[in-house]
Amino acid sequence: MDRSRPLARRPLVTLLTAAALAASGLTALTSAARAADADLARNGGFESALDGWTCTAGAVVNAPVHSGGAALKATPAGADNARCAQTVTVRPDSQYTLSGYVRGTYVYLGASGTGTTDVSTWAQSAPDWQRLTTTFRTGPATTRVTLYTHGWYGTGAYHADDISLTGPGGETGQPPAVPGGLTAGSVTPTGVTLSWSPVSGATGYAVYRDGTRVRTVTGTSTTVTGLTPSTAYAFQVAAVNDAGESARSATVTATTAERPDGGGSGDLPAHALVGYLHASFANGSGYTRLADVPDSWDVIDLAFGEPTTVTSGDIRFERCPVSECPNVESDADFKAAVKAKQAAGKKVLISIGGQNGQVQLTTTAARDKFVSSVSAIIDEYGLDGLDIDFEGHSLSLNADDTDFKNPKTPVVVNLIAAVKTLKAKYGDDFVLTMAPETFFVQLGYQYYGTGKWGGQDPRAGAYLPVIHALRDDLTLLHVQDYNSGPIMGLDNQYHSMGGADFHIAMTDMLLTGFPVAGDAASVFPPLRPDQVAIGMPASVNAGNGHVSPAEVNKALNCLTKKTDCGSYATHGTWPELRGLMTWSINWDRFANWEFQKNFDAYFG
């Protein structure tokens with residue numbers, strides 16, 4: 001949250017360096033394809049739109065074209081290099097030639113998963129159609145190879161046409177047999193463990209929940225997470241190989257356990273209104289006394305607790321001084337107001353971080369100091385819990401930290417441990433909320449940390465391991481759907497602030513789950529709808545991305561009723577969506593309580 005400059009915009013990504021461009025090099029053509037070999041690329045001329053291709057930001061155009069009546073146009077934007085790819089079946093230990101025609105600046109054509117050395121070739125500058133070509137040999141066990149083309153960050157659109165892979169066709173064979181022995185094992189309030197018998201010739205297994213494919217795994221067991229407590233689910237599994245997918249197994253039904261008192265709703269109403277109260281500063285909105293916050297606000301986050309230094313872990317909460325907030329109440333009145341709100345069923349939390357409060361728990365000493373200092377704040381004011389609002393450079397991932405389920409980076413590992421310690425200290429009634437920016441969560445669908453080849457912003461998706469590790473303790477996640485650049489949704493289209501569409505797409509990702517960095521074997525599981533609120537600015541003064549009450553209601557209608565959805569198709573309907581969060585209560589008061597009044601009118 002921005003405490004001093006409401007309309008400030010933060011940069012979203014660190015672009016790759018020119019050195020990385022040069023390091024890719026140009027792969028020379030070493031041999032021609034044999035005349036008897038087939039062209040294995042599907043729809044390489046893009047005459048059938050994008051059939052066979054998966055593109056992050058591509059479309060088919062009628063001009064310019066190299067041949068025929070169509071070509072690909074793809075536009076890199078932000079942190080996306082506009083990659084288009086398809087996977088083809090090949091033969092092991094065989095020679096292939098990849099070629100295609102491109103136009104534009106820094107256009108790449110390559111093949112990955114070859115089993116030997118992955119190859120790519122590129123045109124630094126191609127004002128007219130230029131042919132790229134390279135060769136590779138498949139490994140002794142390789143049966144599938146991915147072809148791709150992409151541009152470069154910030155260099156404009158590129159075009160591609162007549163992409164060809166010549167070489168011996170692969171043996172498709174037959175799909176594997178249907179798996180047997182599907183069994184449901186241990187259950188938790190949010191997960192079910194499944195196991196089944198292995199199938200000869202299977203390279204993986206597709207797991208279905210209530211008829212929807214939710215993940216693909218290589219082993220014969222998995223735990224399906226992100227489920228709702230006390231709910232029955234039907235599971236099936238199918239075996240997969242290069243030839244396709246088997247029929248689904250017999251159905252197994254399992255019911256999740258009841259939710260324990262902790263990590264649940266925190267005694268919140270079915271639909272809750274969450275807001276940040278400027279307790280340590282005034283900003284342009286003026287100071288609002290805690291006792292003057294209307295009863296509509298169910299969760300009040302006191303902004304902010306901040307560290308003495310970035311890496312100290314020593315968090316202090318300094319109430320707004322009289323010089324800045326002439327109408328500030330006394331400590332005694334403030335503490336009395338906390339008790340009065342709690343007596344009325346409200347939750348009052350300390351929010352740590354914000355735009356100016358960078359917190360990096362780089363050491364175990366900082367971790368332990370974080371626990372003791374946050375505990376001191378909670379105890380002094382009698383608060384209900386903690387809101388984690390780490391922004392800026394508080395969280396980032398080391399280069400070797402690539403698995404969100406098993407993080408290695410100290411600032412991430414220590415934060416998780418610190419919060420678990422606080423949860424254990426205060427017990428089941430402890431309320432835990434988080435307010436990350438889209439850059440740290442939904443951007444993880446495309447990019448995670450520095451990336452496979454390095455050079456990406458190490459903060460990309462860095463909140464995902466924290467959310468995942470604490471999901472059973474988490475009361476609410478309310479991502480800041482503001483001060484954000486365009487973010488790719490599950491429809492592989494970019495969505496921008498300014499309307500209901502952005503909130504619909506971003507929230508659908510949290511409630512559906514998504515592969516991290518596009519890896520189908522590394523899926524961030526969905527959160528329960530009662531754990532999710534949508535973060536919005538209260539007014540045009542509060543931050544970029546403000547939308548009118550009408551657009552707020554469209555987003556709520558789409559997500560809870562599947563009406564007013566516009567062009568984005570959600571992956572479910574979630575009437576249990578917890579509610580809305582806003583920055584901030586002060587700014588809403590400044591705007592005559594428009595945000596609060598609309599919430600009250602919508603939810604009655």
Side-chain angles (χ1 to χ4, degrees), residues 23-48 50-55 58 66-68 72 83-102 107-123 129-150 160-177 198-206 216-218 239-246 452-453 518-521:
S24 299
L26 182 65
T27 304
L29 177 64
T30 59
S31 66
R34 296 181 296 277
D37 290 340
D39 183 359
L40 306 180
R42 176 178 173 182
N43 189 29
F46 300 96
E47 302 299 325
S48 300
L50 293 177
D51 180 41
W53 295 91
T54 299
C55 300
H66 177 257
S67 69
L72 170 70
R83 174 184 168 105
C84 283
Q86 71 167 262
T87 301
V88 299
T89 302
V90 295
R91 289 185 185 177
D93 196 24
S94 300
Q95 189 74 15
Y96 292 87
T97 297
L98 173 64
S99 66
Y101 289 83
V102 300
V107 192
Y108 285 71
L109 177 67
S112 61
T114 62
T116 54
T117 301
D118 292 349
V119 296
S120 68
T121 178
W122 56 289
W129 291 106
Q130 178 177 322
R131 185 173 187 261
L132 298 178
T133 183
T134 185
T135 63
F136 62 88
R137 191 169 190 86
T138 52
T142 301
T143 58
R144 294 169 70 83
V145 169
T146 298
L147 316 179
Y148 65 85
T149 181
H150 67 73
D161 201 0
D162 295 333
I163 295 174
S164 171
L165 179 70
T166 54
E171 300 292 336
T172 57
Q174 296 294 323
V199 175
S200 177
T203 57
Y205 299 89
T216 302
V217 298
T218 55
V240 178
N241 65 13
D242 290 339
E245 183 176 309
S246 73
K452 184 176 180 180
W453 296 281
D519 184 356

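For the numbers below, each heavy atom of this structure counts, side chains included, while hydrogens, waters and symmetry mates do not.
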For the side chain of Y96 and the backbone of P168, is there at least one donor-acceptor N/O pair under 3.5 Å apart?
yes

Given T121 and T133, is the side chain to side chain contact (heavy atoms under 4.5 Å, CB included) satisfied, shown in steps?
CA-CA 7 Å; T121 178; T133 183; over 6 Å; no

Assess the residue pair V119 and T135 against the criterion (side chain to side chain contact (heavy atoms under 4.5 Å, CB included)); give the C-alpha distance rounded to whole Å, side-chain angles, the decisive distance to 0.1 Å, and a yes or no.
CA-CA 8 Å; V119 296; T135 63; over 6 Å; no

Once the angle between the rings of Y108 and W122 is folded into 0 to 90°, is it parallel (under 30°), tilted (30 to 60°) or perpendicular (over 60°)?
parallel

According to salt bridge (Lys or Arg N to Asp or Glu O under 4.0 Å), who are the partners of D51, at least two apart in sequence or on a separate chain?
R42

Donor-acceptor check, side chain of N241 to backbone of E245, threshold 3.5 angstrom: yes or no?
no

Donor-acceptor pair, T203 side chain versus V240 backbone, under 3.5 Å?
yes

Between E47 and S67, which heavy-atom pair has the shortest distance, and what is it?
OE2-O, 3.7 Å

Side chain of D162, backbone of Y101: donor and acceptor closer than 3.5 Å?
no

Where do V102 and A123 come nearest, in terms of heavy atoms and distance?
CG2-CB, 4.1 Å

Qualifying salt bridge (Lys or Arg N to Asp or Glu O under 4.0 Å) pairs, either residue in residues 138-148, two or more places apart:
R144-D242

With L98, which of T166, L165, L132 fulfils side chain to side chain contact (heavy atoms under 4.5 Å, CB included)?
L165

Atom SG in C55, atom OH in Y148: separation rounded to 0.5 Å?
14.5 Å

Can you name the nearest heavy-atom pair linking A111 to F136, along with the distance?
CB-CE2, 3.8 Å

Could you check if a side-chain atom of V88 sits within less than 4.5 angstrom of a side-chain atom of L147, using non-hydrogen atoms only?
yes

Donor-acceptor contact present, side-chain S120 to main-chain L109, <3.5 Å:
no

Quick check: closest heavy atoms across A141 and P92, and the distance to 0.1 Å?
N-CB, 4.2 Å

Can D39 and S164 be counted as having a side-chain donor-acceptor contact under 3.5 angstrom?
yes

Find the distance between NE2 (H66) and CZ (F46) and round it off to the nearest 0.5 Å.
13.5 Å

For T87, is there any backbone N or O sitting under 3.5 Å from a side-chain donor or acceptor partner on T146?
no

Pairing donors with acceptors under 3.5 angstrom, does anything connect the side chains of T114 and T138?
no

Can you name the nearest heavy-atom pair linking S48 to N43, along with the distance?
N-OD1, 3.0 Å

Determine, stepwise, if the pair C84 / L72 fulfils side chain to side chain contact (heavy atoms under 4.5 Å, CB included).
CA-CA 9 Å; C84 283; L72 170 70; 3.7 Å; yes

Between S246 and P176, the two heavy atoms sitting closest are CB-O, 3.1 Å

Full working for side chain to side chain contact (heavy atoms under 4.5 Å, CB included) between L40 and T89
CA-CA 8 Å; L40 306 180; T89 302; over 6 Å; no

Without swapping roles, check the side chain of R137 against the backbone of D93 for a donor-acceptor pair under 3.5 Å.
yes

